[in-house]
Asks: 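Got a structure for you, questions after.
FYI, side chains are in, hydrogens and waters are out, and symmetry mates aren't considered; it's all heavy atoms of this structure. Everything quoted here is computed from the prediction, not taken from an experiment.
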Amino acid sequence: TGLPFSEAVRVGNMLYLSGQLGTDASLKVAPGGIAAETRQAMENIRAVLERHGSSLDHVVKCTVMMADMREWPAMNAVYITFFPHHLPARSALGANGLALGARLEIECLAIIP
């Protein structure tokens with residue numbers, strides 16, 4: 001896609017994912033606010049994991065960067081639906097100036113079973 005980074009890098013059985021925005025294949029941010037962006041970002045993460053032989057069930061850590069921490073409850077409501085069997089460790093922080101005007105970016109670490 002011409003972006004200056006890898007979508008994921010494998011080191012041993014660890015998979016380090018680059019941050020994912022809530023964008024579609026044309027890099028348009030999902031309309032509908034933080035819930036829609038969170039859902040799309042997590043679907044993007046799921047797709048990257050599956051392309052590299054892992055899954056959401058094997059995510060061990062996520063970092064969530066948000067443009068507005070007041071949207072935390074709405075983000076969490078969607079985020080937790082992607083982890084029905086376990087909740088990975090997580091950090092979250094407020095971020096100014098996310099790419100493409102996005103409301104959030106999520107990066108994850110996962111194992112490859």
Asks: Which pairs of donor and acceptor atoms, one on a side chain in residues 102-113, lie under 3.5 Å apart (sequence neighbours left out)?
Replies:
| unit_1 | atom_1 | unit_2 | atom_2 | d |
| --- | --- | --- | --- | --- |
| R103 | NE | E71 | OE1 | 3.3 |
| R103 | NH2 | E71 | OE1 | 3.2 |

Asks: List the atom of A30, the atom of E37, and the distance in Å for their closest heavy-atom pair.
Replies: O-CG, 3.7 Å

Asks: Sequence neighbours excluded and cut-off under 3.5 Å, please list the side-chain donor-acceptor pairs for residues 74-87, or say none.
Replies:
| unit_1 | atom_1 | unit_2 | atom_2 | d |
| --- | --- | --- | --- | --- |
| N76 | OD1 | R90 | NH1 | 2.8 |
| N76 | OD1 | R90 | NH2 | 2.7 |
| T81 | OG1 | V78 | O | 2.6 |
| H86 | NE2 | V59 | O | 2.7 |

Asks: Please report the C-alpha distance between N44 and T23 in whole Å, then the side-chain angles of each, then the deciding distance to 0.1 Å, and finally whether the side-chain contact (heavy atoms from CB on, under 4.5 Å) criterion is met.
Replies: CA-CA 8 Å; N44 294 347; T23 54; 4.2 Å; yes

Asks: Could you tell me whether K61 atom NZ has more than 12 heavy atoms of other residues or ligands within 6.0 Å of it?
Replies: yes

Asks: Please list all pairs passing the side chain to side chain donor-acceptor pair (under 3.5 Å) test where one or both residues lie in residues 2-14, with sequence neighbours left out.
Replies: E7-R51, E7-H52

Asks: Are V64 and Y16 in one and the same hydrophobic cluster, where Ile, Leu, Val, Met, Phe, Trp and Tyr link if side-chain heavy atoms are under 4.5 Å apart?
Replies: no

Asks: In Å, rounded to the nearest 0.5 Å, how long is the span from CG of L98 to CE of M66?
Replies: 10.0 Å

Asks: Pairing donors with acceptors under 3.5 angstrom, does anything connect the side chains of S26 and D24?
Replies: yes

Asks: How far apart are the closest heavy atoms of H58 and S54, and which atoms are they?
Replies: CB-OG, 3.4 Å

Asks: Between L17 and L15, does a side-chain contact (heavy atoms from CB on, under 4.5 Å) hold up when you go through it step by step?
Replies: CA-CA 6 Å; L17 275 65; L15 195 59; 3.8 Å; yes

Asks: Please report the closest heavy-atom contact between A8 and V48, naming both atoms and the distance.
Replies: CB-CG1, 4.0 Å

Asks: I want to check something: taking the side chain as every heavy atom from C-beta on, are I45 and M42 in contact at a cut-off of under 4.5 Å?
Replies: yes

